[in-house]
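Okay, structure first, notes after.
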Amino acid sequence: VIDAVNIFHSMGDRVFPEIGFVGKDFTNFQFLLERYCIEEHQKDYVLEILLWLDSRAIEISQKKLKAEYDRIRNKK
């Protein structure tokens, strides 16, 4: 699990204006698996953890962005 969290933090973020955080960039996923010496039978488990972390990060980002838009809209 610790390796999965380290891989998650090693991956780049995909952020777009007006949308916010849309998830991690999985381009270097295979490289990171090799770099952290993840064995073949553990790859699915690590991917599942990464997707869970990614979905939570996206959800948190969406809530923060919505709160900021609502705050700005209420100021007008």
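Keep in mind the model is a prediction, meaning the values are calculated, not measured.
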Where the side chain of Ser61 meets the backbone of Ala57, is there a donor-acceptor pair that is under 3.5 Å apart?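 Between the backbone of Ala57 and the side chain of Ser61 there is no qualifying donor-acceptor contact (under 3.5 Å).
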
Would you check if Phe8 and Leu51 make a side-chain contact, meaning some heavy-atom pair closer than 4.5 Å?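 No, every pair of side-chain atoms sits at 4.5 Å or beyond.
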
Any non-hydrogen side-chain atom of Asp3 less than 4.5 Å from a side-chain atom of Ile38?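 In short, these two side chains touch, coming nearer than 4.5 Å.
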
Not counting sequence neighbours, list each pair that qualifies as a salt bridge (Lys or Arg N to Asp or Glu O under 4.0 Å) and has a residue in residues 23-35.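 Only Asp13-Lys24 qualify under salt bridge (Lys or Arg N to Asp or Glu O under 4.0 Å).
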
Looking only at non-hydrogen atoms, find the nearest pair between Leu50 and Ala4 and report the distance.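 Nearest heavy atoms, Leu50 then Ala4: CD2-O, 3.2 Å.
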
From Leu53 atom CG to Ile58 atom CD1, the distance as rounded to the nearest 0.5 Å: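 The CG atom of Leu53 sits 11.0 Å away from the CD1 atom of Ile58.
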
How long is the straight-line distance from CG of Asn28 back to CG of Leu33, given to the nearest 0.5 Å?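 Reported value, rounded in 0.5 Å steps: 11.0 Å.
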
In terms of hydrophobic clustering (I, L, V, M, F, W, Y; side-chain heavy atoms under 4.5 Å; direct or indirect links), are Leu65 and Ile60 co-clustered?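 No: no chain of side-chain contacts under 4.5 Å links Leu65 to Ile60.
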
Indicate, with yes or no, if Ile7 and Val1 share a hydrophobic cluster defined by side-chain heavy-atom contacts under 4.5 Å among Ile, Leu, Val, Met, Phe, Trp and Tyr.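 Yes, same cluster.
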
ring-ring contact (aromatic ring centres under 6.0 Å, His included): pairs with one or both residues in residues 27-71, sequence neighbours excluded: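 Output for this query lists Phe26-Phe29.
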
Taking side chain to side chain contact (heavy atoms under 4.5 Å, CB included) as the definition, give me every residue that meets it alongside Lys66, ordered by chain and number, with sequence neighbours left out.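 By the side chain to side chain contact (heavy atoms under 4.5 Å, CB included) rule, Lys66 matches Asp70.
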
Look at Lys64 together with Glu68 and state whether they make a salt bridge at an N to O cut-off of under 4.0 Å.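 Judged by the 4.0 Å cut-off on N to carboxylate O distance, Lys64 and Glu68 do not form a salt bridge.
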
Does CD belonging to Glu48 count more than 12 external heavy atoms closer than 6.0 Å?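 No, because the 6.0 Å sphere around CD of Glu48 holds 12 heavy atoms or fewer from other groups.
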
